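Each chain gets a letter, A, B and so on, in the order its sequence line appears, and its residues count up from 1. Just so you know, these numbers come straight off a predicted model, no measurement behind them.
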Amino acid sequence: QTATPSAQHNQVISPDKPAAELSVSSLLDMGFTDSQARHFYDSVSNVRGRRDAKQVVSTLTALFVLGLNPSSVQLALDKCPELYTVKEAQLQQRIAHLRKLGLVEGSLQRMVVHYPKILTVPVKTVKNVVQFLRQKCLFTTQQITEILRESPAVVLEGQDQLEYKFQYVYFRMGIKQAEMVRCRLFRFSLKEVRNRHAFLERRGFYQTPDKKGQTTIINPKLDSILNVDQDTFVTGVAQASLEEYDVFQRLLAREWKEKDLEQSGIKAH
Amino acid sequence: EKWAATRPKHPPTRLALQHFDATYGTELGSLWPSIRIALLSEKKYGALINVFSSDVSLAELQVQGCRDFINDGVVQTSFEGGAKNESSDVSMAKAEADGLQESPLQHSPNLQCFVFQRGDIRRFKPARPDQFGLFGYYLMDAASVLPCLALDVKDGDTVLDLCAAPGGKSLALLQTQLIRFLCANDSSVSRTKRLKQVLQSYIPKQFLTEDTLRITSFDGTMWGEIEKNAFDRVLVDVPCTTDRHSLMEDDNNIFNKSRTGERRSLPQLQLELLLAGIIAACPGGEIVYSTCTLSLNQNQSVVEQAIHLAQEQHNIHLQVVSLRPLVQMFKNTFHFAPELHLGEMVIPHLAANFGPIYLCKLRRLT
Ligand SMILES: C[S@@+](CC[C@H](N)C(=O)[O-])C[C@H]1O[C@@H](n2cnc3c(N)ncnc32)[C@H](O)[C@@H]1O
């Protein structure tokens with residue numbers, strides 16, 4: 001049931017299902033303002049072309065039911081147009097799963113607006129990540145909820161990358177789970193973490209704690225390493241120049257690239 | 001598990017780092033962190049151009065954005081000297097006050113060493129042999145050229161390179177084509193072999209004849225007994241803790257537990273080598289002492305003691321020759337340690353990751 005080009009302007013629907021209509025007026029009915037409805041209608045038309053209107057309406061409905069207001073809905077969908085393609089049942093299932101993981105009202109909505117992509121991720125994937133965080137990294141249920149709330153992108157990071165980052169911070173930096181969560185570690189890419197840590201370590205300002213957790217110097221807190229802008233980190237925490245950090249990041253990228261190549265070479269033999 | 005990987009508990013590189021943190025942390029103070037990270041990161045090379053090769057890919061190097069730091073430094077300094085009269089007056093006044101008035105450093109235009117610009121981390125391709133089997137350039141720490149420049153060889157000089165293997169500095173000295181006779185010595189027979197190979201891969205046979213070059217494997221500390229008052233120039237590039245190598249390579253590392261005795265006796269060996277070098281120089285001759293360590297004990301202290309002992313035991317009076325003009329010339333390429341009371345030192349820095357090289361120049365007055 002494809003719409004004819006002339007019909008496309010106003011409505012793109014099967015006439016026998018008026019409830020699934022997507023038109024400017026139906027958008028107005030849902031509570032969008034005039035300009036929102038316009039913007040929204042246009043962007044939907046652009047993105048999807050010959051779209052399944054029913055699908056769009058169900059997505060919108062689901063987001064409204066979740067409790068997002070029209071401008072939040074617009075924000076979420078602008079950020080992540082893929083949401084239009086997600087079946088309603090899946091959306092409901094994913095939302096329910098997130099609730100089960102402890103994302104209470106309020107934080108769930110914030111998460112969807114901030115990182116709408118979370119609703120494109122299959123429940124199975126989320127489950128795997130949660131299981132990984134619990135079993136391999138020994139985070140508590142509460143900590144996992146917080147990780148998801150603060151850094152929902154972990155679910156798409158890829159297990160290898162995640163494992164590497166966790167092990168790096170746990171073993172090389174000697175940081176325990178609680179502190180990782182508190183400092184929102186998972187918001188930062190492995191590369192950022194590694195660059196900053198290695199910079200400090202080679203300057204002599206960071207030591208891996210020994211078995212008893214002891215170091216001969218006082219390490220800066222993870223928070224002051226990650227949660228500061230680059231200038232503050234370089235000149236304040238590391239007491240270096242921006243030139244040095246710039247060169248160092250390039251050198252380190254090359255070092256790791258070559259190490260990876262070497263390792264894959266070893267594996268290949 | 002990846003990070004708990006099993007490594008020997010006290011690898012020599014680790015011991016070296018602990019040792020350096022303890023000594024340099026105090027000796028170098030706030031300079032140390034920047035030097036430390038540079039030492040622990042990839043070093044930069046210089047490409048010493050081989051004037052004897054027909055395949056000197058200078059153009060290729062220039063296209064890559066490299067520049068010859070030696071001639072650049074000379075041009076730069078003469079320009080600055082003209083423009084800033086005031087400051088050169090000040091340094092002249094200081095030089096005179098120190099009794100060290102120096103003729104400006106001269107050097108052979110044949111000596112060229114290309115480097116990538118500050119902050120540029122690209123690497124040189126390995127050099128290739130030309131149709132005669134001679135390589136276009138020799139890759140070495142660009143700061144290692146400085147002791148050769150400081151030696152300031154003049155046309156017709158006889159030169160002794162007391163610890164010469166594997167031969168980078170000998171090669172640089174021969175590139176000047178000013179030397180009448182070079183004696184390249186190294187106590188290690190295997191390393192002397194390597195030195196021969198290096199020279200043969202860079203210099204045409206006709207320049208490597210017996211009356212222009214002698215390669216020997218003597219214990220350099222005994223040189224004074226072999227040949228006294230003989231050379232216009234003597235380079236004493238001593239074995240040391242080779243700081244960069246000691247931090248990066250566990251193989252052949254002087255911080256290996258089994259080599260503690262050898263390491264502790266380095267300053268004594270260095271002193272004996274420098275003294276031998278001083279004795280081998282002729283009166284009026286010049287000696288350059290150099291190391292690739294930051295250690296005060298192996299650098300300034302050795303020179304101080306050598307000056308003292310030369311006078312006490314051999315009645316040889318020495319003058320310390322200021323290397324300020326050299327520093328002035330090359331301060332855009334290297335980071336120099338500020339205010340050393342004796343000699344000069346290139347300190348590693350991430351953006352110009354050369355060195356460490358310590359050098360001090362002496363002139364025999366008697
Ligand atoms: C820093 S390396 C010299 C590097 C060389 N000048 C170059 O530029 O390629 C020090 C050298 O001193 C040599 N050596 C050690 N003890 C010596 C001694 N007693 N007499 C002469 N050479 C010695 C070592 O074999 C080593 O090759």
Side-chain angles (χ1 to χ4, degrees), chain A residues 136-137 160-175 190 193-211 215-217 220 234-260 263, chain B residues 1-7 9-11 13-45 65 115-124 243-244 247-248 294 332 334-335 347-354:
Chain A
K136 284 269 173 71
C137 311
D160 282 356
Q161 186 80 355
L162 213 54
E163 180 168 9
Y164 207 85
K165 180 156 55 180
F166 174 79
Q167 295 203 342
Y168 187 93
V169 175
Y170 190 84
F171 291 111
R172 274 297 293 280
M173 301 182 69
I175 305 274
L190 172 65
V193 175
R194 209 158 58 180
N195 280 348
R196 291 194 175 190
H197 165 258
F199 193 61
L200 289 172
E201 186 179 53
R202 291 196 200 174
R203 289 182 65 82
F205 296 154
Y206 202 103
Q207 267 177 15
T208 303
D210 65 13
K211 281 203 192 84
T215 52
T216 57
I217 56 169
V234 174
T235 56
V237 184
Q239 295 163 45
S241 68
L242 293 169
E243 184 191 34
E244 286 173 284
Y245 192 55
D246 168 58
V247 177
F248 182 70
Q249 291 184 87
R250 285 182 280 129
L251 280 173
L252 199 65
R254 185 164 73 187
E255 268 180 40
W256 282 100
K257 199 173 111 201
E258 291 177 353
K259 203 174 287 183
D260 287 349
Q263 271 168 2
Chain B
E1 295 92 340
K2 278 175 197 155
W3 301 110
T6 47
R7 276 200 260 139
K9 245 195 187 145
H10 298 291
T13 44
R14 245 216 127 89
L15 296 174
L17 188 56
Q18 282 167 6
H19 179 87
F20 294 154
D21 273 334
T23 45
Y24 300 154
T26 337
E27 286 174 20
L28 297 162
S30 62
L31 296 175
W32 175 232
S34 288
I35 299 177
R36 189 184 197 271
I37 192 173
L39 285 172
L40 292 168
S41 304
E42 187 174 316
K43 65 175 169 180
K44 286 181 86 162
Y45 283 90
V115 291
F116 281 102
Q117 303 283 1
R118 190 180 173 84
D120 188 338
I121 64 167
R122 281 176 297 168
R123 299 163 174 153
F124 290 105
D243 296 358
R244 203 184 270 278
L247 283 175
M248 301 304 270
L294 299 158
N332 289 334
F334 305 107
H335 282 238
I347 54 177
H349 183 275
L350 280 170
N353 205 351
F354 306 107

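A:Arg172 places no side-chain N or O within donor-acceptor distance of the main-chain N or O of A:His197, the cut-off being under 3.5 Å. B:Lys44 contributes no side-chain N or O that, together with a main-chain N or O of B:Val115, makes up a donor-acceptor pair within less than 3.5 Å. A donor-acceptor pair under 3.5 Å is formed between the side chain of A:Tyr206 and the backbone N or O of A:Met173.
Residues of residues 29-39 of chain B that come within less than 4.5 angstrom of chain A, heavy atom to heavy atom, are B:Pro33, B:Ser34, B:Arg36, B:Ile37 in numerical order.
Less than 6.0 angstrom separates the ring centroid of A:Phe199 from the ring centroid of A:Phe248.
Dense packing is recorded around OH of B:Tyr24, with more than 12 heavy atoms of other residues, nucleotides or ligands lying under 6.0 Å away. In A:Tyr170, the OH atom is not crowded: 12 or fewer heavy atoms of neighbouring residues, nucleotides or ligands sit closer than 6.0 Å.
Of the two parts of A:Glu243, only the side chain, counted from C-beta on, holds a non-hydrogen atom closer than 4.5 Å to a non-hydrogen atom of chain B. Within the 4.5 angstrom heavy-atom criterion, no atom of A:Gln239 approaches chain B.
Looking only at heavy-atom pairs under 4.5 Å with chain A, the residue among B:Asp21, B:Ile121, B:Asp120, B:Leu350 that has the most is B:Ile121.
Taking the six-membered ring for Trp and thresholds of 30 and 60 degrees, A:Trp256 and A:Tyr164 have ring planes more than 60 degrees apart, a perpendicular arrangement.
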